[in-house]
There are 2 protein chains.
Amino acid sequence: MAKYFDNAATTIISKKALEAYNNISLNYFANPSANHSLGQECKSVLEENRLIIANLLKVTPNTIYFTSGGTESNSIILSSLLWSKSPGEIIIGKTEHSSILNFERILSEKGYKVITLNAPNGFISKELLKKKLTNKTRMVVIQTVNNVTGSINDIENLVKVVRDKEKEIGRKIYFHTDAVQALTKIDLDLNKFDIDSASFSAHKFHGPRGIGFLYSKNPNVQPLSRGGGQERGLRAGTENLAAIVAMRVALEEYLFIKNDNVIEINKYVRENLKPQIISPNSNVSPFIINFSVSPFPSEVFTRMLNDEGFIVSSGSACSNNVKNKGENVLIAMNIKPNVAKSSVRISFNKNTDINDAISLVKKINSLYDTLIR
Amino acid sequence: MAKYFDNAATTIISKKALEAYNNISLNYFANPSANHSLGQECKSVLEENRLIIANLLKVTPNTIYFTSGGTESNSIILSSLLWSKSPGEIIIGKTEHSSILNFERILSEKGYKVITLNAPNGFISKELLKKKLTNKTRMVVIQTVNNVTGSINDIENLVKVVRDKEKEIGRKIYFHTDAVQALTKIDLDLNKFDIDSASFSAHKFHGPRGIGFLYSKNPNVQPLSRGGGQERGLRAGTENLAAIVAMRVALEEYLFIKNDNVIEINKYVRENLKPQIISPNSNVSPFIINFSVSPFPSEVFTRMLNDEGFIVSSGSACSNNVKNKGENVLIAMNIKPNVAKSSVRISFNKNTDINDAISLVKKINSLYDTLIR
């Protein structure tokens with residue numbers, strides 16, 4: 001049985017969540033948008049689950065919009081800009097997920113000036129953001145936790161910089177954060193953040209694939225696709241009730257499991273790993289450790305680990321057909337290209353066994369020793 | 001146990017499909033975009049299932065793109081128009097699903113002239129389409145089966161009209177069809193259709209919610225959101241493998257169950273129902289019968305049926321917060337408003353029990369008799 005250390009790419013669904021999926025699929029299968037009694041029962045289950053999720057996040061249920069996941073949540077916010085008749089400037093981090101970065105092209109074509117920010121050591125600085133904000137800035141997009149290194153941006157204070165600018169220019173600036181790698185993994189206080197919207201994906205916290213949600217407290221977001229008007233017009237399509245309930249079950253389950261085990265594992269790995277660690281030492285998610293096996297290419301090293309039964313990631317592994325994507329993120333962090341191309345990511349979940357992590361470290365060190373000799 | 005006659009809104013997942021969902025969720029949980037062995041195993045399962053679906057539809061696997069369902073599939077095609085620097089004219093049927101109709105507003109704002117076609121008796125005529133095609137037409141969108149009445153458009157010959165116009169003007173005109181109510185329900189030959197793209201949704205044929213696919217043989221479609229590059233850039237987001245495999249299982253299962261049972265039920269209902277039938281007599285899906293309980297509002301009648309344990313639909317029931325949506329479709333069919341507002345839809349699946357249908361007809365007739373007296 002292979003030992004899985006690629007939890008930042010996806011986690012296995014929890015037993016309880018899968019049970020909930022089965023139960024809802026069979027017993028609440030009607031269309032929640034139908035007016036009949038079976039549909040209305042499903043509608044009640046839907047709203048009940050929205051309320052529980054909202055309560056878990058300490059926000060109001062009318063800020064939770066169910067989507068198919070992180071990519072779609074990001075896409076709803078970015079594509080809503082296409083309604084604008086007077087495009088202005090958009091500021092995005094260079095280390096964002098591709099579902100954000102890929103909007104650069106169409107937004108530029110549609111007349112937006114897209115400004116991308118470098119993130120030395122993985123962090124967007126308040127000073128740089130402040131410098132780039134102008135009276136034409138419409139939106140700022142900065143991720144909460146970076147998926148390649150685990151670095152945690154100081155969203156609360158980055159938003160403050162934006163809110164200050166708002167007062168100066170007397171106009172709203174929209175702040176969106178991709179928080180896909182954050183929920184159940186780091187302390188997350190959406191109210192303290194004072195953001196306008198945030199993206200979440202269930203399969204990153206042991207929920208099912210194909211479901212997630214958008215937190216949005218700004219009722220003025222104009223989605224491109226409205227369809228049947230589900231999710232108050234923000235995300236059309238028949239509600240995926242079984243997946244929504246399963247996501248809620250996984251969230252309830254994993255939000256309250258403490259990080260102690262992961263923190264202990266993280267500490268062990270950092271103290272015992274021979275290759276150089278790329279992930280920052282502080283303001284970093286304990287779930288992700290990125291290190292460099294320089295001068296060896298990461299692909300070679302991860303394949304060797306794979307052959308020994310250890311599943312780790314080279315690059316971000318969230319994307320397909322995008323060569324060296326993780327590498328680009330690392331270069332935007334001012335990490336030297338030779339270090340970046342030797343980058344390996346290991347990522348944990350709350351059930352990761354410390355003994356497996358010890359075996360992994362032992363294997364990494366011995367492989368590295370053998371190669372370097 | 002309520003008797004369910006709202007299968008056009010959604011169908012219950014099949015046991016086999018749900019079993020497949022469970023199996024894949026637990027045993028092939030890695031991210032198909034990851035380079036490691038577990039990811040590559042998932043990638044193989046993904047491509048194997050794409051191939052099976054393509055074979056079932058007698059098309060090549062590179063024309064199948066997995067999406068979150070019908071609404072998203074439609075949205076990918078319609079929103080791709082926003083890339084255009086020289087918007088032209090778009091022709092859409094007035095009886096399309098809301099996920100198509102709702103693009104009218106943004107496309108108009110972005111400079112497109114959107115021409116909507118009336119559909120008397122539920123059908124778009126070749127003559128009307130021919131009249132509306134100009135040398136500025138970029139795209140034609142006409143549904144295969146209407147979700148309110150079940151009327152089947154003559155896609156093959158409608159496409160021929162478009163292809164003839166292409167020759168005349170020496171330029172490509174894109175033809176998209178929403179075939180969500182067609183697959184497993186009517187004969188569907190995508191090759192004979194000669195369309196550019198078609199939308200499909202799994203939960204309409206006993207597959208899971210939140211999954212579907214876009215058939216697209218035009219590699220030039222430019223999606224708005226590319227994200228991680230999954231589905232060859234057309235639909236980003238971590239692949240929902242468990243749902244994809246479950247969809248394939250449901251498709252394999254239901255494609256080969258003959259319609260005999262449904263045809264028999266349909267015949268029985270049509271011969272014995274006292275209220276006036278709105279659905280056309282020919283070129284119509286046997287799975288949907290729409291009838292009018294005029295002068296009584298459909299909401300009142302469906303609620304009474306509901307209280308007696310029969311689940312039927314007023315309006316299209318595919319949409320939420322969109323008042324009288326089915327009614328609007330019926331009015332676009334030149335059906336009188338008083339008949340339209342009394343419209344009730346019953347829809348079957350291949351497992352519908354004829355005895356339940358007999359009880360339903362009996363109950364409808366006796367309620368109608370009591371009310372009309």
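Computed from a predicted model, the values in this text were never measured in an experiment. Chain letters run A, B, ... following the sequence lines, proteins first, then strands; residues in each count from 1. These values consider heavy atoms only, across backbone and side chains, with no hydrogens, waters or symmetry-generated copies.
Proximity to chain A (any heavy atom under 4.5 Å) is shown, for Thr302(B), by neither the backbone nor the side chain. For Ala236(B), the parts sitting under 4.5 Å from any heavy atom of chain A are the backbone and the side chain alike. Residue Leu26(A) touches chain B through both its backbone and its side chain, counting heavy-atom pairs closer than 4.5 Å. For chain A, the nearby part of Arg235(B) is the side chain; its heavy atoms alone come within less than 4.5 Å. For Ser37(A), the parts sitting under 4.5 Å from any heavy atom of chain B are the backbone and the side chain alike. For Ser201(B), no part lies near chain A; criterion is any non-hydrogen pair under 4.5 Å.
Around atom OH of Tyr65(A), more than 12 heavy atoms belonging to other residues, nucleotides or ligands sit under 6.0 Å away. More than 12 heavy atoms of other shown residues, nucleotides or ligands fall within 6.0 angstrom of atom CZ in Phe29(A).
Residues Tyr21(B) and Asn22(A) form no side-chain contact, since every pair of their non-hydrogen atoms from C-beta on lies 4.5 Å or further apart. The side-chain heavy atoms of Arg105(B) and Trp83(A), taken from C-beta on, include a pair separated by under 4.5 Å. Leu82(B) is listed as a side-chain neighbour of Leu224(A), based on a closest heavy-atom distance under 4.5 Å.
The two residues Asn35(B) and Ser314(A) make their nearest non-hydrogen contact at ND2-OG, 4.0 Å.
The greatest number of non-hydrogen atom pairs below 4.5 Å with chain A, out of Ala30(B), Gly69(B), Ala242(B), Ser75(B), is found for Ala30(B). Annotation: maximal heavy-atom pairing with chain B below 4.5 Å, among Ile106(A), Val312(A), Asn306(A), Leu305(A), occurs at Ile106(A). Contact count against chain B (heavy-atom pairs under 4.5 Å) is highest for Arg209(A) among Lys85(A), Glu72(A), His203(A), Arg209(A). Note on Asn7(A), Asn240(A), Ile211(A): by heavy-atom pairs under 4.5 Å with chain B, the leading option is Asn240(A).
By the salt bridge (charged side-chain N to carboxylate O under 4.0 Å, His left out) test, Lys110(B) is found to be paired with no residue, residues two or more places apart in sequence or in another chain being considered.
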